[in-house]
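The structure appears right after this line, and notes come after that.
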Amino acid sequence: MTAPAPKISFVSLGCPKALVDSERIITKLRAEGYELTKTHAGADLVIVNTCGFLDSAKAESLDAIGKGMAENGKVIVTGCMGAEPEQIREAYPGIAAITGPQAYESVMNAVHDVAPPLHNPFLDLVPEQGVKLTPRHYAYLKISEGCNNRCTFCIIPKLRGDLVSRPLAEVMREAEKLVKAGVKELLVISQDTSAYGVDLKYAPSPWGDVDYRTRFLDLAKALSTLGVWVRMHYVYPYPHVDEVIPLMGEVAASGGMVLPYLDIPFQHAAPNVLKAMRRPAHQEKTFQRIEKWREICPDLAIRSTFIVGFPGETEEDFEELLSFLTAAKLERVGAFKYEPVRGATANDLGFEAISPEVQQKRYDRFMRHQQPISAKLLQRRVGQRIKVIIDEAGPTVSKGRSIWDAPEIDGSVYVASRRPLRAGDIVSVKIERADAYDLHGVAV
Ligand code: SF4
């Protein structure tokens with residue numbers, strides 16, 4: 001009789017990049033015959049992939065570790081917070097092992113110590129594309145690790161090191177497998193997507209019969225041949241991004257498309273603050289650049305995130321940020337109140353911290369300011385026929401997204417349909433109304 005496979009309860013916290021790490025670890029676990037279980041109780045081991053970016057994320061990670069310890073007692077911690085093991089050990093001295101981000105081998109070694117694998121691994125349990133935590137019809141495609149920038153509020157380069165790009169052909173092989181497995185939308189992620197390939201000096205990386213190089217434009221071109229939607233995240237407004245804009249929104253010969261969507265974390269608009277943040281491309285003429293992109297691709301949607309209440313941010317700086325929002329008319333916007341993350345250079349710049357009350361007020365003003373801008377932009381869609389990818393099928397109304405909405409962070413399109421729809425279907429929808437964040441329409 002075969003012994004039962006060891007069971008692992010896996011908790012994945014943090015950003016899409018951490019999710020990709022989780023997928024890789026889970027793929028290895030499944031490859032070695034481990035089973036996954038949804039409850040800590042009864043599992044042979046709990047693994048928590050943590051996020052340590054903000055203090056609030058650290059608190060969430062510590063809570064998750066605490067829960068694993070209380071309900072199971074055998075816990076391995078990995079991910080960003082694993083780069084600072086003292087804090088975890090202090091709170092939970094009995095932790096089985098702690099490893100840092102992308103330390104896949106160390107995680108697996110720790111797993112082998114605590115819950116040894118079965119002798120005969122069920123390799124065939126692993127689908128060819130690996131195990132994915134996202135729904136089957138979209139997948140995150142991580143093109144590089146680390147970051148060469150040194151934004152003063154961010155500790156990611158300390159945690160993850162400098163930029164290391166994956167050669168284009170390697171990324172394409174993964175993308176192709178995902179598409180073969182049914183993925184309809186690829187979400188390209190990294191810390192700085194526009195810097196892709198800099199570390200490899202844009203080395204040649206042929207794929208198929210094309211002599212591509214490892215660089216942003218070539219990657220966009222190569223991905224558009226796969227016949228699926230391709231969405232670009234974490235792009236900075238560098239001049240060379242201009243070259244990719246003409247590809248956007250054009251349906252390629254394969255039927256695929258580089259979506260007219262750019263996720264650009266601007267973080268602020270006032271030169272003083274951007275300088276103190278040491279943002280990449282802060283010297284670029286961002287506003288003119290956006291205008292130019294919209295001339296080339298009028299349908300382009302830009303999503304961005306901003307930090308309010310950065311140390312030293314004056315009322316004038318903040319108002320400059322609001323004026324930027326008015327002028328730039330960004331489709332989707334998110335904001336965070338600045339948090340002094342331990343180890344971040346921004347804490348030692350000597351600028352005065354902004355009180356939590358002022359931060360909250362600025363945050364509320366920011367959101368109030370942007371809401372009518374987003375709402376007005378969404379109204380443009382009323383009466384249009386647009387393509388929608390279905391995320392959750394419902395009996396009469398299904399929930400999906402347009403080409404201008406990324407999963408998790410942007411709005412939704414609610415689609416009424418007489419014929420049954422399935423997750424992953426891409427349907428034409430006539431938009432009938434819009435509210436502040438979402439669209440509503442009928443499948444045609
Ligand atoms: S670009 Fe800046 S914020 Fe983004 S990971 Fe690099 S250092 Fe951090």
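Remember, it's 1-based here, ligands and their atoms both numbered in the order they're listed.
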Tell me which pairs pass salt bridge (Lys or Arg N to Asp or Glu O under 4.0 Å) where either residue lies in residues 332-341, with sequence neighbours left out.
R332-D405
Is atom CD of E86 surrounded by more than 12 heavy atoms (other residues, nucleotides or ligands) closer than 6.0 Å?
yes
Under 2.8 Å from atom 8 (Fe) of ligand 1 - protein N/O/S, by chain and number
C154 SG
Heavy atoms, side chains only, cut-off 4.5 Å: are I189 and Y234 in contact?
yes
Between D242 and W293, do the side chains contain a donor N or O and an acceptor N or O under 3.5 Å apart?
yes
Do N149 and D192 pair up side chain to side chain, a donor and an acceptor below 3.5 Å, judged on atom types alone?
yes
Contact atoms of ligand 1, heavy-atom distance to R279 under 4.0 Å
2 (Fe), 3 (S)
Report, in ascending order of atom number, the atoms of ligand 1 lying under 4.0 Å from any heavy atom of Y236.
1 (S), 4 (Fe)
Going through the distances and angles, do F351 and F310 end up as a ring-ring contact (aromatic ring centres under 6.0 Å, His included)?
CA-CA 9 Å; F351 292 117; F310 189 78; 7.3 Å; no
Less than 4.0 angstrom from a charged side-chain N to a carboxylate O is my criterion; do K58 and D63 meet it?
no
